[in-house]
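A short write-up of the structure that comes next.
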Amino acid sequence: MNSRNIAMPTLRRLASDTIWYGLSNIISRFANYLLTPIHTKIFLPQEYGIIGDLYVYVAFLNVIYTFGTETSYFRYANDLGEQKIYNQNFTSLILYSTLLSGIIIFFASPIANLLDYPGKEKYIIYLGLLMAVDTLLSLPFARLRWLKKPRLFAFAKFFNIGLYILLNLFFLWFCKDVAEGKYLTFLQDFMLSWFNPKDLVGYVFLAQLLANAPLFWLLRKEIWNYQPTWDKDLAKKVFFYSYPLVILGLAGTLNTTADRFFIKNYLPDSFGNQQHILGVYFACIKFSVFILVLIQGYRYAAEPFFFSKAKDKNAPELLAKAMEYFVAVACFSVILVSLNTDWLKYLLLRNRAYDEGLIIVPTFLFANLFLGIYYNLTAWFKIADKTQYGTYISLIGAVITIIGNLGWLPVLGILGSAVASLVTYASMSFLCYYWGQKFYPVPYRIGIILGYVALSAVLVWWGNSFSAESIWLNILLKNLLVVPFMGAVLIVEWQNLKTLKIFR
């Protein structure tokens, strides 16, 4: 069967779901658009670096908390029954989250001291509670994806992020101003009785915790349609399927967050204060939000989609064509963002002290492009029940990440960390493709995919190598460079695009 003409209605459904999940992520990531300028205006880079630093530990712990329950839910929902695997996995999440968060909260003070934030145990308590709440919400959100309810999924995300933004404004502006006596002075004493205007970092975590709590009501049907279950044999089956995913997740999290650890602890003093540079780096990687929206939206739609289609004879062709479309759209996004940082910085970075980190943006965007390619490629070992290969790949990637940061950070500064990420994700993509073709062959058109990546890299390099005297002329000339890329995609994909008809 010709992969150029396969199952277009099926791909159209995947594209439609991706748009909805992408919309939910645009809404979620919109917080980065609104809150990044708010946070970079309120917090000095040293303070902003604390937020980025603590979220590194949250990312690792979230992998342990969830223990692969989403993926195992998708894997066994067809074979064992959706309700049965949902009951078992939700029971597991209740046990994991209660135990782990209880330990974190009980040892909050020693943990704060260990992380070099003495006296800030409230940060640890907030994050311990937040991880428990996020863990218990993860499976109901996965259930929405399985039941193909992208609109409810998007609405819940919209509600959550809207409340999160409002709570940030409430704590960081309103409460701070009232506590400092700028207005409503009759409330000042009351405000100072519970609000500390000299320590605002903790309120970022508290705002997220309070914003997540109402989701239990919004997702009440998915949550309460649950019967406490503990099936020893099923729990064992899920464990042996999931534990390689946990190792994969931990190694993958190391790959995505180790840069901040190395910047904080191993950046030479010649590049400046480590905490300051960490805050700069954490702010500038937020430019990747424009491609992470696409990656996450696609993942939300694709994972349950491909598990449901795993036994279809056309599944490999579907994977191949979906990858091609994904890479084309992702490369287009990378080009647009990379060539528009000159004015996007005024929207995302309200303090010019952060501008020194803009040098990393194009490299970091291409790193995330390869991360998206890797996520596409991982479908084979999840479908083929060979999740141990994901572990091998992630561990190799972790080694490359560590060596890359230690090698390039002292020479290139924070650009070295971005380069390390690019090399890591490109290597992981190659390994995943190589092993995947041995166990689950997929007819990817590698020449086309690499051609899109190479063309976008050339256009980004070209666009950033010149600068017109007029800022408006500069913007126009740089954005004209998307035309040859769009032209190339249309020439290659025209026949399929005519039949895809995403918007009916």
Side-chain angles (χ1 to χ4, degrees), residues 33 259 280-281 283-295 323-349 352 354-374 376 404 408 411-427 429-430 444-494 497:
Y33 172 79
D259 46 8
V280 169
Y281 184 84
C284 288
I285 63 175
K286 295 295 183 68
F287 281 87
S288 62
V289 64
F290 298 99
I291 188 171
L292 289 175
V293 162
L294 171 66
I295 294 172
M323 166 74 91
E324 204 168 302
Y325 291 146
F326 171 83
V327 172
V329 176
C331 286
F332 178 77
S333 302
V334 169
I335 295 170
L336 277 182
V337 179
S338 296
L339 298 181
N340 285 281
T341 54
D342 288 344
W343 64 270
L344 284 173
K345 68 182 182 183
Y346 294 104
L347 298 179
L348 286 175
L349 309 175
R352 301 280 59 86
Y354 292 90
D355 287 0
E356 61 184 291
L358 291 173
I359 189 175
I360 71 170
V361 172
T363 303
F364 202 79
L365 287 170
F366 275 104
N368 279 279
L369 168 62
F370 277 102
L371 177 61
I373 292 173
Y374 170 70
N376 272 268
W408 285 313
V411 179
L412 301 175
I414 57 174
L415 179 60
S417 287
V419 171
S421 296
L422 174 59
V423 174
T424 296
Y425 297 139
S427 301
S429 297
F430 169 77
Y444 296 115
R445 295 199 293 173
I446 295 299
I448 297 297
I449 291 170
L450 293 180
Y452 288 155
V453 176
L455 179 57
S456 61
V458 169
L459 292 173
V460 168
W461 172 81
W462 189 14
N464 285 319
S465 66
F466 68 84
S467 180
E469 292 184 5
S470 168
I471 185 173
W472 298 111
L473 180 60
N474 195 50
I475 292 172
L476 174 62
L477 292 176
K478 286 187 175 184
N479 282 280
L480 283 176
L481 292 177
V482 303
V483 176
F485 182 81
M486 293 175 63
V489 173
L490 288 174
I491 291 171
V492 172
E493 306 288 352
W494 180 248
L497 290 174

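Side chains included, hydrogens not; waters and symmetry mates left out as well; all remaining heavy atoms used. Along the sequence shown, residues are numbered consecutively beginning with 1.
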Backbone N/O of V329 and side chain of S333: donor-acceptor pair under 3.5 Å: yes
Take V334 and F485, measure what side chain to side chain contact (heavy atoms under 4.5 Å, CB included) needs, and give me the verdict at the end. CA-CA 11 Å; V334 169; F485 182 81; over 6 Å; no
Shortest non-hydrogen contact from S338 to L365? OG-CD1, 3.3 Å
Side chain to side chain contact (heavy atoms under 4.5 Å, CB included), that's the test. Do F332 and V489 meet it? Break it down for me. CA-CA 10 Å; F332 178 77; V489 173; over 6 Å; no
Quick check: closest heavy atoms across A283 and Y354, and the distance to 0.1 Å? CB-CD2, 3.4 Å
List the atom of L455, the atom of P484, and the distance in Å for their closest heavy-atom pair. CD2-O, 4.3 Å
Taking atom OG of S421 and atom CZ of F370, what is their separation to the nearest 0.5 Å? 13.0 Å
Measure the SG-CE distance between C331 and M486 for me, rounded to the nearest 0.5 Å. 13.5 Å
For the CG atom of L339 and the CG atom of N479, what is their distance to the nearest 0.5 Å? 6.5 Å
How about S429 and I373: do any of their side-chain heavy atoms sit closer than 4.5 Å? yes
Measure the spacing between OH of Y452 and OH of Y325 and express it to the nearest 0.5 Å. 9.0 Å
Should we count CD1 of I359 as having more than 12 external heavy atoms under 6.0 Å? no
State the CG-CD distance between L358 and E356, to the nearest 0.5 angstrom. 9.5 Å
Grab the two heavy atoms, one from V453 and one from F366, that are nearest each other, plus how far apart they are. O-CE2, 4.2 Å
From L481 atom CG to I335 atom CD1, the distance as rounded to the nearest 0.5 Å: 8.5 Å
What heavy-atom pair brings A420 and G404 nearest, and what distance separates the two atoms? CB-C, 3.8 Å
Minimum heavy-atom distance between Y444 and M323, given as atom pair plus value: CE2-CB, 3.7 Å
Chi angles and distances behind the side chain to side chain contact (heavy atoms under 4.5 Å, CB included) call for F287, I360: CA-CA 10 Å; F287 281 87; I360 71 170; over 6 Å; no
